[in-house]
Amino acid sequence: MRMIIAATAALGALSLAACGSPAEKTADAQADAVEAQADVTATQLENQADAANQAGMPATADALDKQADAVKDAADSKADAIRDAAKDAPATVPPPAPR
């Protein structure tokens, strides 16, 4: 599970390597990791919902589905906030090299 998350985050970071500042690239990788972890959690909840439905517990299944949706929504909001913070951060200019 953690390997999938790390691979997804790395892939996201590599796909964005060609654009943006270093802070934006780091933020994108962090945001991708947040979204990947949420996808894993939501999938687990959805699998539990399917099992609950098959066991004749539709109310439990509905509650688990709603929880999975909430996890995804929260992760999307958090990922957006991470990306927005990096875009709003002032660009840092390195000091001139000594001569």
Side-chain angles (χ1 to χ4, degrees):
M1 223 29 98
R2 289 183 183 162
M3 197 172 231
I4 293 171
I5 293 167
T8 302
L11 180 61
L14 290 174
S15 68
L16 296 169
C19 60
S21 70
E24 287 180 39
K25 291 176 190 174
T26 300
D28 281 331
Q30 290 173 344
D32 289 344
V34 166
E35 290 172 333
Q37 179 60 49
D39 286 342
V40 170
T41 302
T43 299
Q44 291 171 340
L45 289 166
E46 289 164 350
N47 289 341
Q48 291 175 11
D50 290 343
N53 214 11
Q54 290 176 357
M57 300 183 293
T60 301
D62 288 343
L64 288 165
D65 280 332
K66 287 179 183 176
Q67 190 176 357
D69 290 341
V71 166
K72 290 179 194 176
D73 291 343
D76 286 344
S77 295
K78 185 173 181 178
D80 288 344
I82 291 169
R83 288 184 178 108
D84 290 345
K87 288 178 187 172
D88 294 340
T92 57
V93 177
R99 295 182 184 211

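When a residue number appears, it is its place in the shown sequence, counting from 1. A quick note: this is a predicted structure, and the numbers were derived from the prediction, not measured. Scope of the values below: all heavy atoms of this structure, side chains included, with no hydrogens, waters or symmetry mates.
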[atom1]/[X] to [atom2]/[Y] distance, rounded to the nearest 0.5 angstrom?
| X | Y | atom1 | atom2 | result |
| --- | --- | --- | --- | --- |
| Glu24 | Asp84 | CD | CG | 10.5 Å |
| Asn53 | Gln48 | CG | CD | 13.5 Å |
| Gln67 | Gln44 | CD | CD | 11.0 Å |

note = Test side chain to side chain contact (heavy atoms under 4.5 Å, CB included), reference Val71, set Thr41, Asp76, Thr43, output is Thr41
note = Closest heavy-atom pair, Glu35 versus Ala79, reported as atoms and distance to 0.1 Å, is OE2-CB, 3.5 Å
task = Measure across Ala52 and Ala61 and return the closest heavy-atom pair with its distance rounded to 0.1 Å.
result = CB-N, 3.9 Å
ask   = Are the side chains of Asp32 and Arg83 in touch, meaning some heavy atoms are under 4.5 Å apart?
value = yes
message = When you compare the side chain of Leu64 with that of Glu46, does any pair of heavy atoms fall below 4.5 Å?
response = no
ask   = Can Lys87 and Asp28 be counted as an ion pair, charged N to O under 4.0 angstrom?
value = no
